[in-house]
Amino acid sequence: MKKAIIFGITGQDGSHLTDLLLEKDYEVIGVTRRVSVDTTSRISTLLENKNLKLESGDITDAHSVINILKNHQDAAEVYNLAAQSHVAVSFKQPALTWDITGKGCLNILQAMVDLDMKKSRFYQASSSEMYGKNYDVEVGMTSESKYQDEDTKFIPQSPYAIAKCAAHYMTRLYREGYGLHTSAGILFNHEGPRRGENFVTRKITKWIGDYIKWCNTKGIMPEDSIACGTEEELYVAGRTSRDQDLQFPKLRLGNLDAYRDWGYAGDYCEAMWMMLQQDQPDDYVICTGETHTVREFLQIAFSSVGLNKWDKFVTVDPEFYRPAEVDYLRGDCSKAKEKLGWNPKHSFEDLVKMMVMSDLS
Ligand code: NAP
Ligand code: GDD
């Protein structure tokens with residue numbers, strides 16, 4: 001039986017990867033950190049599985065990282081998915097983001113060298129956020145298209161992206177300098193029903209689910225609501241703006257014009273595993289190749305529940321603007337398609353509807 005260690009097992013991707021590895025008959029060692037609330041909700045159905053074991057540790061604590069690896073030096077695969085992964089939060093907590101998202105990766109790599117874990121394969125969760133404001137341009141006969149691939153230069157635009165770039169280059173250095181089998185997946189945004197509630201996609205679908213449930217309890221037709229309150233308050237209401245019991249806060253969002261290449265998280269975790277099955281370690285872009293704005297996401301999400309005028313329910317709040325923004329992401333994953341045989345299985349529309357349906361239930 002192969003053993004895998006997952007740092008970040010309680011996150012969105014950690015839970016999908018655990019599903020996949022247990023299905024493939026792996027023994028999975030998941031690293032969880034001590035916090036004041038239970039963080040295992042995404043893996044709660046797996047906790048009884050005899051092939052899953054949780055170890056307590058924190059990626060910022062080199063001592064705890066080395067102890068965990070020492071106890072599991074026979075691991076065939078080590079996945080580093082742990083991160084402070086919210087870009088906007090990284091502007092408010094840059095040092096913490098650096099310690100977790102940047103230095104945490106170094107703590108694992110150095111422990112692997114110190115323990116001479118040359119037989120273990122390592123995966124680093126790199127990110128399309130590392131491209132920042134940069135893209136390449138493909139010039140066709142009649143049009144031009146912008147994209148990012150493995151050769152596009154990184155111009156990071158956030159403390160999160162800078163920390164991810166450092167971890168990415170460390171991953172490469174420990175491959176070339178120490179002969180470790182280290183691969184990095186440059187993953188574009190990937191979502192699903194398990195996505196954290198403060199990322200834009202889930203924030204939208206969760207709001208829709210909550211609003212529809214609220215309408216049902218109040219006996220209001222969702223499409224009948226009207227905007228009410230002052231410009232600052234902004235509620236939607238069933239019949240009257242005066243009756244507070246019939247008011248529901250609007251969905252507050254920031255930049256609606258950003259383009260993202262959004263895929264389904266389950267598909268992307270399969271790509272992580274595929275990378276570590278290759279004899280040669282390498283870096284791969286994982287994406288869908290399609291890009292959409294936040295507005296397009298809103299349009300499909302709201303119309304999937306019969307609400308065609310999404311702008312009635314949304315208010316733009318500068319609180320959600322970032323000091324620097326990544327305007328455009330669209331990946332080219334030709335290398336992963338060719339070398340790994342990987343392809344995304346879910347379309348953008350499927351993804352949006354899957355998330356809305358899940359939040360309605
Ligand atoms: P996520 O849901 O935010 O999960 C992050 C995980 O890291 C959680 O398990 C979290 O544990 C853990 N963690 C945070 N700080 C830690 C620490 N100090 N020590 C140990 N564990 C710690 O992120 P995700 O969406 O699953 O993404 C997985 C990885 O891929 C992240 O590295 C992310 O930056 C990267 N990535 C994500 C995307 C995307 O679109 N989802 C795209 C590119 C790259 P708690 O549960 O205790 O908080
Ligand atoms: N979170 C959030 N909340 N984003 C908003 C909001 C809002 O209210 N309103 C608009 N946005 C915009 C952001 O400004 C950004 O342009 C876009 O929606 C996507 O934001 P997020 O969903 O927070 O994702 P992200 O692209 O910043 O980062 C995610 O993808 C990266 C890969 O490119 C995260 O998962 C990162 O960890 C990951 O590396």
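When a ligand or atom number is given, it counts from 1 through the structure's own listing order.
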May I ask you to check if ligand 2 and Ser127 share an N or O to N or O distance below 3.5 Å?
-> yes
Cation-aromatic face contact Lys250/Phe313, 6.0 Å, 45 degrees | no
Judged by non-hydrogen atoms, does Lys164 sit under 4.0 Å from ligand 1?
-> yes
Any Ser126 heavy atom less than 4.0 Å from ligand 1 = yes
Below 4.0 Å from any atom of ligand 1, is there a heavy atom belonging to Val31?
-> no
Evaluate the ring planes of Phe154 and Tyr131, with Trp represented by its six-membered ring, and classify them as parallel (under 30°), tilted (30 to 60°) or perpendicular (over 60°).
-> tilted
Could you tell me whether Gly254 and ligand 2 have an N or O pair separated by under 3.5 Å?
-> yes
Looking only at distances, please establish whether an N/O atom of ligand 1 is found under 3.5 Å from an N/O atom of Ile59.
-> yes
Is any N or O atom of Asn198, backbone or side chain, closer than 3.5 Å to an N or O atom of ligand 2?
-> yes
Proximal candidate to atom 36 (N) of ligand 1 [heavy atom criterion; set Phe188, Tyr160, Tyr268] = Tyr160
Give yes if a backbone or side-chain nitrogen or oxygen of Val200 is under 3.5 Å from a nitrogen or oxygen of ligand 2, and no if not.
-> yes
Where is the nearest protein heavy atom to atom 33 (O) of ligand 2: which residue, which atom, and how far?
-> Ser128 OG, 2.6 Å
List the closest protein heavy-atom neighbour of atom 28 (O) of ligand 2: residue, atom name, distance to the nearest 0.1 Å.
-> Val87 CG2, 3.6 Å
For ligand 1, which part of Asp13 has a heavy atom less than 4.0 Å away: the side chain, the backbone, both, or neither?
-> both
min-distance protein heavy atom vs atom 15 (C) of ligand 2 -> Arg260 NH2, 3.5 Å
Name the closest protein heavy atom to atom 8 (O) of ligand 2, giving the residue it belongs to and the distance to 0.1 Å.
-> Lys203 NZ, 2.7 Å
For atom 29 (C) of ligand 2, which protein heavy atom lies nearest, and how many Å away is it?
-> Asn189 ND2, 3.5 Å
Closest to atom 31 (C) of ligand 1 (judged by heavy-atom distance), picking from Leu81, Thr101, Asn198 = Leu81
Taking the six-membered ring of Phe199 as reference, does the NZ or CZ atom of Arg202 fall below 6.0 Å from its centre and within a 45° cone about the axis?
-> no
